Amino acid sequence: RFYMILVLVFPVLLIVFTAIFPLYVKCGSAIEHISCEDSINDVDRARILFNTLSNEISLYAVNEQCFRCSKSLVANFSSPCASIWTPHPWTLYILRNGTELIAQDVYTFGEQGHYNVYVNTDDSQLFVEEIAAPVNSLLPLILLIASISIVAIIFFVYQFVWDLSKDYFHFPSQTTYTFSALASSSIEKDIEGKNTGAVLTERLLHQNYEQQEASSRSLKSSLPSKSRLSSLDTFRGLSLTLMIFVNYGGGGYWFLDHAPWNGATVADLLFPWFMWIMGVSMALSFQHTLQWDQDPASVEPAAWLRVCRRSLILFLLGMFLANGYEYTTWRVPGVLQYFAVSYLLTSCCVLAVFPATHRLLREVKERLQAVPEDLPPEIHWGELTVESPEHSPSLLTRMATRCCSLLRRMEILTAYRWECLIQLVILVVFLSLCLGAQAPGCPRGYNGPGGISDESAYSGCTGGIHRYIDMHAFGYLFIYHHPTCRELYACPPYDPEGLLGVLSACSLTYLGLMTGRVLLHFKEHWERLAIWLGSSAWLLLFAGILCGFSQNEGLIPVNKNLWSTSFCLLTAGGGLVGLSLCYVLVDVWRVWSGTPYLQLGMNSILIYCGHSLLANYMPFSYMVYHVNHGSLLLCNSVGVLSWLLIALYL
């Protein structure tokens, strides 16, 4: 009911947005020269008129997000009008003959604003006059978020009141109705002469008993065989929902798009989160497919074949989505290809040392079982008071004792030391190539965006050794030709899913694998959450140290295009926080079933392939003539909601 309301409410609201904000959109570079008769009808664009009477005076600019960039010509006497990108501040320069600095200033332009730029050469001053006020581009998004919040609050309040009324008035539970419907269809099959009411009562009691037993088992947080972790599917589905929204346009907002080079937005985290979640799922999958109850001398060939088959299927799916109709430019790297290779490398790492890992696990378990634990009574969720200190230890003492016990039992994770050693070797190889290798014509260890960065000194060195390897492994025609750095840095073609980055992606997948093993070895909710959140804090701290807690100045900046180590640590740390939140809401407190993201996460590959293949079909998208943030939100939201509804009925 909640999501049916969303389907009905959102299009209506967003149609209103479309009527309120009749703007147009056109993609282009950060600075475009236009005719002074042209109006600006673009999202995230402003119009500049440069007023000068001298052929020697020109206006140049550098965007705040463009790291160490050379000055770009904006306007001069012969071409006084320009369209400029608005999300970030610009440093404006007035130059004589392109070299002599006369004046400079920093200014932030607003979307759809019209500005006149003046210069006083005598006083060396620059003035910016606002002729037409900019629009509030965030208003459609604010209204959308407010609408979602209001509808969600109404739904949960309704659900809360309904549950209270059922308890107060003793309404029959939905289980009774469901049972009655099921029983009526099979009642005729019972032995003749047996009392119908007795049959129904017997079945109802039996069903209620089974439900209570199932609830009791789930509250103990044990992970039965061949079960799915609802919170994991929910987090996967939520990430996929945001990925679809971003891939469909993200409402035209710059902060819902990928970072041009260094730094990260929400859009940059979504695909890597998928790889991390794949690692978590691999831990649960290996628990059921490998022979943990025996002492294997080697891994069965069937396990290797299963891994190779799954990797091949993922890779071929990725190649299919890349559309090789024009096979002379058929892109080889891609999203599902990254999944395939990372899954293959991580699985091979696990299978190669499985006998040694199995032996170490058995030894650690025997050692832990040999040491008796003298623990205080169990601490229950939501407990605020305990008995008096004379009869039992204080709550603080009990928590400290259990934390010490948890730290001791975390020794079980050291049994995977051989896998960690292999992953460490992979990481060292990746860092050695990134920081020590030298591409021809580029500085050693260069990992910048090239183009106009670094005063255009290394314009063809985008990504350094990353692009060099891809150019020789795949060729110029078979890599991505629309990188995120093209608009701001004017960089050449570069593939963000390159061959070298897959090594770092493998490390990210393995971090997810270790996250899943926490589920297997620790059965209490608080234990899992303590390990996850503690690990998240360390990962985020290490990521901050590597990037110097800055966007561009650190040793290893956060960069999704390069799959830098700091970026993978940031992604894994954020994934732990997101999974912990979903775990508390869905599996611990049970205040949310995870719908509809749960269903989306359970069919993630199908939905991902479908959203890629049907992106240009109604209702997933449609032609928008009067394009503005409101109309883009309408189009993208309808597409996302369509896939949510499909997932609900799969």
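Because the structure is predicted, anything quoted here is derived from the model rather than measured.
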Does the pair Leu321 and Gln337 meet the rule for a side chain to side chain contact (heavy atoms under 4.5 Å, CB included), with working shown? CA-CA 10 Å; Leu321 295 179; Gln337 292 90 318; over 6 Å; no
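- Minimum heavy-atom separation, Leu499 to Ala473: CD2-CB, 3.9 Å.
- Classification of the His482-Tyr480 ring pair by plane angle, with boundaries at 30° and 60°, yields perpendicular.
- Proximity of a side-chain donor or acceptor of Thr571 to a complementary backbone N or O of Trp273 within less than 3.5 Å is not detected.
- Closest approach of Ser342 and Cys506 over heavy atoms only: OG-N, 3.9 Å.
- Partners of Thr108 according to the side chain to side chain contact (heavy atoms under 4.5 Å, CB included) rule, which considers only residues two or more places apart in sequence or in another chain, are Pro89.
- By the side chain to side chain contact (heavy atoms under 4.5 Å, CB included) test, Val307 pairs with Ser311, Tyr343, Leu344, Ser347, Leu351, sequence neighbours left out.
- Listed by first and then second residue, the ring-ring contact (aromatic ring centres under 6.0 Å, His included) pairs that reach into residues 303-332 come to none, sequence neighbours excluded.
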Identify all side-chain donor-acceptor contacts of residues 279-286 below 3.5 Å with residues at least two apart in sequence or on another chain.
from   : atom 1 : to     : atom 2 : distance (Å)
Ser281 : OG     : Arg236 : NH2    : 2.6
Ser281 : OG     : Ile277 : O      : 3.2

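- For Ser58 (side chain) and Leu95 (main-chain N/O), no donor-acceptor pair under 3.5 Å exists by modelled atom type.
- The two atoms that bring Leu540 and Gly574 nearest to each other are CD2-N, 4.1 Å, heavy atoms only.
- In this structure a side-chain-to-backbone donor-acceptor pair under 3.5 Å is present from Arg45 to Ser83.
- Sorted pairs that involve residues 301-336 and meet disulfide (SG to SG under 2.5 Å), not counting sequence neighbours, are lacking altogether.
- Looking at Ile452, Thr91, Leu488 one by one, the single match for side-chain contact (heavy atoms from CB on, under 4.5 Å) with Cys69 turns out to be Ile452.
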Test side chain to side chain contact (heavy atoms under 4.5 Å, CB included) on Tyr597 and Leu242 and set out the steps. CA-CA 11 Å; Tyr597 307 117; Leu242 293 175; over 6 Å; no
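- With sequence neighbours left out, Trp276 forms a ring-ring contact (aromatic ring centres under 6.0 Å, His included) with no residue at all.
- Contact detail for Val62 and Lys71: the closest heavy-atom pair is CG2-CA, 3.7 Å.
- Remark: Phe274 CZ to Met243 CE distance equals 5.0 Å, nearest 0.5 Å.
- Cation-pi geometry between Arg517 and Tyr416 is met: the NZ or CZ atom falls under 6.0 Å from the ring centre, inside 45° of the normal.
- Ser564 contributes no side-chain N or O that, together with a main-chain N or O of Ile556, makes up a donor-acceptor pair within less than 3.5 Å.
- Side-chain atoms of Asp268 come within 3.5 Å of backbone atoms of Ala259 as a donor-acceptor pair (strictly under, hydrogens ignored).
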One pair to check against side chain to side chain contact (heavy atoms under 4.5 Å, CB included): Asp257 and Thr265. What are the steps and the verdict? CA-CA 7 Å; Asp257 198 357; Thr265 65; over 6 Å; no
Would Phe522 and Met410 count as a side chain to side chain contact (heavy atoms under 4.5 Å, CB included) here? Give the steps. CA-CA 9 Å; Phe522 301 91; Met410 285 180 63; 3.9 Å; yes
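- Here the side chain of Ser459 pairs no donor or acceptor atom with the backbone of Gly451 at under 3.5 angstrom.
- Checking side-chain atoms of Gln551 against main-chain N and O of Asn262 turns up a donor-acceptor pair under 3.5 Å.
- Looking only at distances, a side-chain donor or acceptor of Asn636 sits under 3.5 Å from a matching main-chain atom of Gly251.
- With a 4.5 Å cut-off on side-chain heavy atoms, Pro492 and Arg467 count as touching.
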Trace of the ring-ring contact (aromatic ring centres under 6.0 Å, His included) decision for Tyr248 with Trp643: CA-CA 12 Å; Tyr248 281 177; Trp643 286 113; 7.7 Å; no
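- Panel note: side chain Arg417, backbone Thr414; a donor-acceptor pair is recorded below 3.5 Å.
- With hydrogens and angles ignored, the 3.5 Å screen pairs no side-chain donor or acceptor of Tyr93 with any backbone N or O of Ser72.
- Ser456 and Ser70 form a side-chain donor-acceptor contact under 3.5 Å, judged by distance and modelled atom types alone.
- Between the CG atom of Leu500 and the OH atom of Tyr468 there is a distance of 13.5 Å, given to the nearest 0.5 Å.
- Considering every non-hydrogen atom in both Phe478 and Phe474, the closest pair reads CD1-O, 3.1 Å.
- The aromatic rings of Phe567 and Trp563 stand perpendicular to each other, their planes meeting at an angle above 60°, with 30° marking the opposite boundary.
- Taking the ring-ring contact (aromatic ring centres under 6.0 Å, His included) definition, one finds that Trp418 meets it with nothing, sequence neighbours left out.
- Atoms OH and CZ, on Tyr489 and Phe67 in that order, are 8.0 Å from each other to the nearest 0.5 Å.
- Here the closest heavy-atom approach between residue Leu632 and residue Gly252 is recorded as CD1-CA, 3.6 Å.
- Side-chain atoms of His466 and Asn561, non-hydrogen and from C-beta on, never get closer than 4.5 Å to each other.
- The side-chain heavy atoms of His629 and Asp44, taken from C-beta on, include a pair separated by under 4.5 Å.
- Judged as a disulfide (SG to SG under 2.5 Å), and not counting sequence neighbours, the contacts of Cys485 are Cys491.
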Listed pairs under 3.5 Å, donor-acceptor, residues 606-616 side chains, sequence neighbours left out:
from   : atom 1 : to     : atom 2 : distance (Å)
His611 : ND1    : Tyr608 : O      : 2.7
His611 : NE2    : Asn247 : ND2    : 3.1
Ser612 : OG     : Tyr608 : O      : 3.1

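- Every residue two or more places apart in sequence or in another chain that forms a side chain to side chain contact (heavy atoms under 4.5 Å, CB included) with Ile313 is listed here: Arg309, Leu317.
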Residues 420-446 side chain polar contacts: donor-acceptor under 3.5 Å, at least two apart:
from   : atom 1 : to     : atom 2 : distance (Å)
Ser432 : OG     : Val428 : O      : 2.6
Gln438 : OE1    : Arg444 : NH2    : 3.2
Gln438 : NE2    : Cys442 : O      : 3.0
Arg444 : NH1    : Gly436 : O      : 2.8
Tyr446 : OH     : Gly450 : N      : 3.2
Tyr446 : OH     : Asp454 : OD2    : 3.1

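- For the ring-ring contact (aromatic ring centres under 6.0 Å, His included) test, residues two or more places apart in sequence or in another chain that qualify with His481 are Tyr476.
- To the nearest 0.5 Å, atoms CE (Met471) and CD1 (Ile469) are separated by 13.0 Å.
- A salt bridge between Lys560 and Glu497 is present, with a side-chain N of the basic residue lying under 4.0 Å from a carboxylate O of the acidic one.
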